[in-house]
Protein chains: 2
Amino acid sequence: MTTRWLTPEEQRAWRAYVAGYLLLEDTIDRQLQQEAGMPHLYYSILANLSEAPERRLRMTDLAERLKITRSRLTYAVTRLEKDGLLRREECRWDKRGSVAVLTDEGMTVLERAAPGHVETVRAFLFDRLTPEQVGQLEEIFTQVTQGLQGGDSEAVPEDLPWRRRSSPCSGTP
Amino acid sequence: MTTRWLTPEEQRAWRAYVAGYLLLEDTIDRQLQQEAGMPHLYYSILANLSEAPERRLRMTDLAERLKITRSRLTYAVTRLEKDGLLRREECRWDKRGSVAVLTDEGMTVLERAAPGHVETVRAFLFDRLTPEQVGQLEEIFTQVTQGLQGGDSEAVPEDLPWRRRSSPCSGTP
DNA sequence: TAGGTTTGTTTCAAACTTGAACCAAGACCC
DNA sequence: GGGTCTTGGTTCAAGTTTGAAACAAACCTA
């Protein structure tokens with residue numbers, strides 16, 4: 001099968017995208033590290049928990065929402081637990097499971113960190129986009145996300161050896 | 001100063017974007033790791049060199065193009081050098097400098113890896129976007145990139161303590 | 001209900017990233 | 001020439017990520 005290379009437009013888009021997200025992630029990480037002592041992902045963990053009912057989530061659910069591997073999450077949660085920002089509890093219904101719970105201290109840290117974070121996201125992303133572009137951004141990445149793990153098994157070859165298999169994730173019983 | 005929180009539209013866009021790029025990067029990394037034995041960044045290093053005149057670039061130039069720190073690049077180049085995919089040479093005009101040169105073997109590896117990589121980028125990104133969206137993607141991230149390091153010092157507060165300072169990068173004398 | 005499979009999570013070693021500290025060479029200045 | 005400042009690059013330790021392997025609990029199924 002002969003390769004369908006990228007068109008010039010696609011190449012330009014691809015390069016702009018890669019450059020942009022690297023710089024943006026880098027900036028966000030640096031800001032959060034500086035002001036909250038943790039990288040972006042760790043902040044997202046706290047943020048996710050803070051919005052969950054009772055501020056608690058199963059590890060697998062959390063990993064699923066964050067789009068990261070469980071092993072990565074384990075490491076991060078261990079660190080945050082050491083810092084006292086969350087604690088682990090065992091799952092009542094499924095003794096295999098464990099649940100991460102945001103502590104009050106975690107909530108405080110999150111609240112303190114949020115303004116600076118939002119300010120950064122604004123300054124370097126949203127303040128530079130028109131409302132239409134905000135919509136386009138959502139649209140584009142929603143499609144990407146769906147393609148990568150939303151249920152549409154039609155369009156994507158199922159048998160690529162290197163694809164991550166998405167475990168069907170269970171919520172509360 | 002009171003925080004300007006994200007609007008609901010911005011929130012949705014932000015979440016879609018973060019989810020999307022995590023999944024996409026993850027997929028690309030996994031594919032390249034599987035088929036070429038290296039992560040995305042390392043592939044990009046080879047790709048960049050392959051397009052440069054004489055397949056050679058100053059370390060700083062390379063870091064600048066890739067939007068990564070010099071220290072990160074040093075590590076990556078050391079690994080690729082060990083693998084024989086590139087070699088370091090010292091810079092003739094500036095004895096501090098060193099230059100990364102793509103070897104023939106590196107070129108071969110790159111050429112072998114390219115089709116699979118492009119296929120992945122296509123399958124999970126471009127094949128899912130309309131031509132308009134491709135244009136929008138470019139537009140959006142070009143703006144982000146410029147804001148983050150293009151010269152427009154107007155719009156961005158200069159004195160945020162956590163910003164990366166972009167070293168004015170020098171090319172050939 | 002024993003035996004086999006799947007699922008939820010952790011563990012471990014190897015690879016990678018980060019930021020600060022360091023070193024040497026150019027540039028500037030008197 | 002002899003400071004001093006800047007630039008290009010590497011080094012080092014600490015932190016993070018990866019993927020495979022290990023475990024244990026839950027779920028079949030004969």
Side-chain angles (χ1 to χ4, degrees), chain A residues 22 25-34 37-42 45 57-64 66-83 88-100 161-171 173, chain B residues 22 25-34 37-43 45 57-64 66-83 88-100 161-173:
Chain A
L22 279 173
E25 251 314 272
D26 198 60
T27 303
I28 290 173
D29 265 334
R30 202 184 309 300
Q31 184 269 328
L32 278 171
Q33 193 65 57
Q34 201 66 209
M38 67 183 77
H40 189 190
L41 175 66
Y42 292 55
I45 292 176
L57 281 172
R58 284 284 291 264
M59 293 295 277
T60 299
D61 288 341
L62 198 43
E64 166 70 13
L66 295 165
K67 316 300 181 199
I68 60 173
T69 62
R70 302 204 201 83
S71 121
R72 189 177 178 184
L73 180 61
T74 295
Y75 181 90
V77 163
T78 304
R79 196 264 233 194
L80 291 171
E81 190 175 26
K82 252 174 217 140
D83 295 350
R88 265 186 256 239
E89 287 182 10
E90 62 175 35
C91 178
R92 223 164 304 137
W93 311 284
D94 183 344
K95 278 181 189 155
R96 292 168 301 181
S98 72
V99 183
W162 43 265
R163 288 199 65 208
R164 184 156 104 199
R165 45 181 71 265
S166 62
S167 60
C169 117
S170 68
Chain B
L22 279 173
E25 249 317 270
D26 199 59
T27 303
I28 290 173
D29 265 334
R30 202 184 307 300
Q31 183 269 327
L32 278 171
Q33 193 66 56
Q34 201 66 209
M38 66 183 78
H40 189 189
L41 176 65
Y42 291 54
Y43 175 91
I45 292 176
L57 281 172
R58 284 286 292 262
M59 293 296 277
T60 300
D61 288 341
L62 198 43
E64 165 70 13
L66 295 164
K67 317 299 182 199
I68 60 174
T69 61
R70 301 205 205 83
S71 120
R72 189 177 178 185
L73 180 61
T74 295
Y75 180 90
V77 163
T78 304
R79 195 264 232 196
L80 291 171
E81 189 174 28
K82 254 175 215 138
D83 293 350
R88 267 185 253 240
E89 285 181 13
E90 61 174 34
C91 179
R92 221 164 305 136
W93 311 284
D94 183 345
K95 279 181 187 153
R96 291 168 303 181
S98 74
V99 182
W162 44 267
R163 288 198 66 207
R164 183 155 104 200
R165 45 182 75 261
S166 62
S167 59
C169 116
S170 67
T172 11

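Protein chains get the first letters and strands the later ones, always in sequence-line order, with residue 1 at the start of each. Computed from a predicted model, the values in this text were never measured in an experiment. Hydrogens, waters and symmetry mates play no part in the numbers below; they use all other heavy atoms, side chains included.
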Checking A:R79 now: which residues fulfil salt bridge (charged side-chain N to carboxylate O under 4.0 Å, His left out) with it, not counting sequence neighbours? A:D83
Please state whether the phosphate of C:dT10, meaning OP1 or OP2, lies under 4.0 angstrom from any side-chain nitrogen or oxygen of A:R88. yes
Rounded off to whole Å, could you give me the CG-to-C1' distance for the B:L32 and C:dA15 pair? 16 Å
At under 4.0 Å between heavy atoms, which parts of nucleotides 14-20 of chain D does protein reach? Answer with one letter per nucleotide, 5' to 3': B base, S sugar-phosphate only, - none. -SBBBB-
With sequence neighbours left out, the residues meeting side-chain hydrogen bond (donor to acceptor under 3.5 Å, both in side chains) with B:D94 are B:R96
Taking ring pair (Phe, Tyr, Trp, His ring centres under 6.0 Å) as the definition, give me every residue that meets it alongside B:Y42, ordered by chain and number, with sequence neighbours left out. none
Under the side-chain hydrogen bond (donor to acceptor under 3.5 Å, both in side chains) test, residues paired with A:Q34 that sit two or more places apart: none
If I take atom CG from residue B:L41 and atom CG from residue A:L22, how far apart are they, to the nearest 0.5 angstrom? 7.5 Å
Any side-chain heavy atom of A:C91 within less than 4.5 Å of one from A:R58? yes
In this structure, how many angstroms lie between the P atom of D:dT10 and the CD atom of B:E90, rounded? 12 Å
Are side-chain heavy atoms of B:R88 and B:M59 found at a separation under 4.5 Å? yes
Do A:T60 and A:L73 come close enough that some side-chain heavy atom pair is under 4.5 Å? no
Does any non-hydrogen side-chain atom of B:L62 lie less than 4.5 Å from one of B:L66? yes
Taking any heavy-atom pair under 4.0 Å as a contact, classify A:T74: base, sugar-phosphate, or nothing. base
Between CD of B:E81 and C1' of D:dT10 the distance, given in whole Å, is 13 Å
Which protein N or O atoms sit under 3.5 Å from an N or O of nucleotides 22-26 of chain C?
| from | atom 1 | to | atom 2 | distance (Å) |
| --- | --- | --- | --- | --- |
| C:dG26 | OP1 | B:K95 | N | 3.2 |

How many Å lie between CG on A:L73 and P on C:dG8, as a whole number? 14 Å
Separation of D:dT6 atom C1' from B:R70 atom CZ, nearest Å, is 11 Å
Atom pair distance, as rounded to whole Å: CG in B:L80 and C1' in C:dA15: 13 Å
Does B:T78 put a side-chain nitrogen or oxygen below 4.0 Å from OP1 or OP2 of D:dT10? no
